[in-house]
**Q** 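Here it is: the structure, laid out below.
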Amino acid sequence: MVMTKMIEVFSHEVVVPVAGLTLVVFLMVCDILSGIFKAVAMRRGINSTIGTNGLIRKAGVLLALLVFIVIDSLVELNLVTMIPTDLLSIFKLEETQIGLSHVMLCFFGLFELVSLFENLGEVGVPLPRFITRCIERLKITLEGEE
């Protein structure tokens, strides 16, 4: 069961995906802690400029997520409607609502997870080979687009 919270904004109900938002915030906290651990372990010291920039970025991500949540509630976009009904009935997803905010929660959560694994890998924590390969591929892909 997906946890959601209803909030009324301008006489319109806004459905907040509490579980997804909580997971992203948890991953952000883990990423911050792993960054601090990396700075201490590599004897670089904690740099307030780097920390402040990271916190500002994370605040921007949370603000963007909140904007997507409000937009989803106002526009009532459901991406599940793009899936054929036969497939929906097989997986029993007829009543499922997936909006743009859910997709963005997945992307931002994935970015936080990748950053967390990068920090742990740089410190020397052994990671499964498939995770390091995925991170390497993702870096190559992102660097090629810049």
Side-chain angles (χ1 to χ4, degrees), residues 1-10 12-83 87-88 91-146:
M1 181 177 158
V2 177
M3 289 179 36
T4 58
K5 177 89 174 150
M6 302 289 265
I7 300 173
E8 196 156 324
V9 176
F10 304 113
H12 197 281
E13 291 178 345
V14 176
V15 180
V16 180
V18 176
L21 206 51
T22 304
L23 180 61
V24 169
V25 169
F26 174 75
L27 290 172
M28 284 180 170
V29 170
C30 289
D31 182 43
I32 291 168
L33 293 176
S34 70
I36 292 170
F37 178 69
K38 180 177 89 172
V40 170
M42 299 182 99
R43 300 191 193 322
R44 285 193 228 158
I46 298 172
N47 186 329
S48 63
T49 304
I50 293 172
T52 303
N53 288 341
L55 290 175
I56 290 171
R57 260 189 241 115
K58 290 186 186 324
V61 166
L62 291 175
L63 181 63
L65 284 172
L66 292 176
V67 168
F68 282 118
I69 289 168
V70 170
I71 289 172
D72 265 354
S73 296
L74 294 174
V75 175
E76 297 179 7
L77 176 68
N78 187 6
L79 300 175
V80 173
T81 57
M82 295 180 198
I83 301 171
L87 226 59
L88 291 176
F91 293 106
K92 297 181 176 33
L93 297 173
E94 296 93 352
E95 301 298 318
T96 305
Q97 288 280 114
I98 297 178
L100 192 57
S101 62
H102 297 95
V103 174
M104 297 311 292
L105 278 166
C106 290
F107 280 123
F108 286 130
L110 181 64
F111 292 145
E112 293 298 326
L113 199 58
V114 166
S115 178
L116 173 65
F117 285 141
E118 280 180 338
N119 288 341
L120 294 176
E122 288 177 23
V123 171
V125 173
L127 297 172
R129 182 72 185 136
F130 76 93
I131 290 178
T132 55
R133 281 196 309 256
C134 287
I135 290 173
E136 288 169 5
R137 272 190 248 139
L138 184 61
K139 280 183 179 179
I140 291 169
T141 302
L142 292 177
E143 288 172 1
E145 291 180 2
E146 288 181 0

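In this text, all values refer to a predicted model and were calculated from it rather than measured experimentally. Heavy-atom basis, side chains included; hydrogens, waters and symmetry copies ignored.
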**Q** Quick check for you: to the nearest 0.5 Å, what is the distance between D31 atom CG and L120 atom CG?
**A** 9.0 Å
**Q** Go through the structure and list residues passing side-chain hydrogen bond (donor to acceptor under 3.5 Å, both in side chains) with N78, not counting sequence neighbours.
**A** Q97
**Q** Between the side chain of S115 and the main-chain N/O of E112, is any donor-acceptor distance below 3.5 Å?
**A** no
**Q** Is the closest side-chain heavy-atom distance between K58 and V25 below 4.5 Å?
**A** no
**Q** Measuring from L100:CG to F68:CZ, what's the distance to the nearest 0.5 Å?
**A** 5.0 Å
**Q** Crowded around E95 CD? As in, over 12 foreign heavy atoms under 6.0 Å?
**A** no
**Q** Name every donor-acceptor pair, under 3.5 Å, that has one atom in a side chain of residues 122-130 and the other anywhere in the protein, sequence neighbours excluded.
**A**
from : atom 1 : to   : atom 2 : distance (Å)
E122 : OE1    : K38  : NZ     : 2.9
R129 : NH1    : T132 : OG1    : 3.2

**Q** Please identify which of these residues, T49, I56, I50, meets the side chain to side chain contact (heavy atoms under 4.5 Å, CB included) condition with T52.
**A** I56
**Q** Can you spot which of L55, L62, L33 makes a side chain to side chain contact (heavy atoms under 4.5 Å, CB included) with M28?
**A** L62
**Q** If every non-hydrogen atom of N119 is compared with every non-hydrogen atom of G35, which pair is closest and at what distance?
**A** ND2-N, 3.5 Å
**Q** Supply the atom-to-atom distance L113 CG to F108 CZ, rounded to the nearest 0.5 angstrom.
**A** 15.0 Å
**Q** If you look at every heavy atom in C30 and L116, which pair is closest and at what distance?
**A** O-CD1, 3.6 Å
**Q** Tell me the closest heavy-atom pair linking I135 and E118, and the distance in Å.
**A** CG2-CG, 3.8 Å
**Q** Using the test side chain to side chain contact (heavy atoms under 4.5 Å, CB included), find all partners of L21 that sit at least two apart in sequence or belong to another chain.
**A** V16, L65, L66, I69, L105
